[in-house]
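Here is the structure we will look at.
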Amino acid sequence: MNYYLMKSEPDCFSIDDLKKKKVSSWDGVRNYQARNFMMQMKRGDKILFYHSSAKEIGVAGIAEVSKEHFPDHTAWDPKNEHFDSRIKNGDPRWQMVEVKFVKKFPEIITLEKIKQTKELKNMSILQKGSRLSVTSVTQKEFEKILNME
DNA sequence: GCCAACGTTGGC
DNA sequence: GCCAACGTTGGC
């Protein structure tokens with residue numbers, strides 16, 4: 001099993017939104033590296049659900065891959081905010097996965113706390129200039145975060 | 001293939 | 001709202 005971290009702006013889509021919907025496709029990723037991480041995800045892989053650009057920044061809960069990658073059709077929809085005018089209708093360049101709600105932490109595990117934890121200092125989100133919305137984390141990092149709950 | 005200009009991300 | 005860091009674009 002592999003572990004990942006996915007960022008979302010809670011004003012746009014939060015852990016509560018996922019809790020309400022139970023499952024959701026993760027559309028709108030328009031970065032190749034982030035897409036590549038999604039393309040290697042397997043059903044059952046665990047995801048740290050991270051709130052970015054928010055009042056409280058940090059890991060808000062856990063999700064799980066419920067469907068492996070498939071074409072992100074929002075890229076073909078001119079009315080969608082993530083429409084990609086450079087590609088043809090039906091071009092599978094952009095892919096998404098479907099994720100399932102697992103749990104919401106009683107309190108957000110803040111970026112500040114993560115920064116203070118030496119076992120987590122190698123996490124991609126802490127690296128300078130890291131803006132990737134989908135990154136991988138190690139099992140140890142994942143479990144460490146769970147234990148900070 | 002280089003690289004300047006531009007748009008975006010995301011913490012502060 | 002600021003701005004550093006990054007990815008992408010497009011002229012050459």
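Naming: A, B, ... by sequence-line order, numbering from 1 per chain.
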State which residue, out of A:H82, A:R35, A:R30, fulfils the side chain to side chain donor-acceptor pair (under 3.5 Å) condition with A:D72.
A:R30
Between the main-chain N or O of A:S14 and the side-chain N or O of A:D17, is there a donor-acceptor pair closer than 3.5 Å?
yes
Only one of A:V59, A:N147, A:I62 passes side-chain contact (heavy atoms from CB on, under 4.5 Å) with A:F142; say which it is.
A:I62
So is A:K67 actually on top of A:F70's ring, under 6.0 Å and inside 45° of the axis?
yes
Salt-bridge contact A:E68-A:R43 (side-chain N to carboxylate O under 4.0 Å)
no
For nucleotides 6-12 of chain B, give me one character per nucleotide, 5' to 3': B if any protein heavy atom sits under 4.0 Å from the base, S if the only such contacts are to the sugar-phosphate, - if neither.
-BBBBSS
Is the shortest side-chain N/O distance from A:K128 to OP1 or OP2 of C:dA4 below 4.0 Å?
no
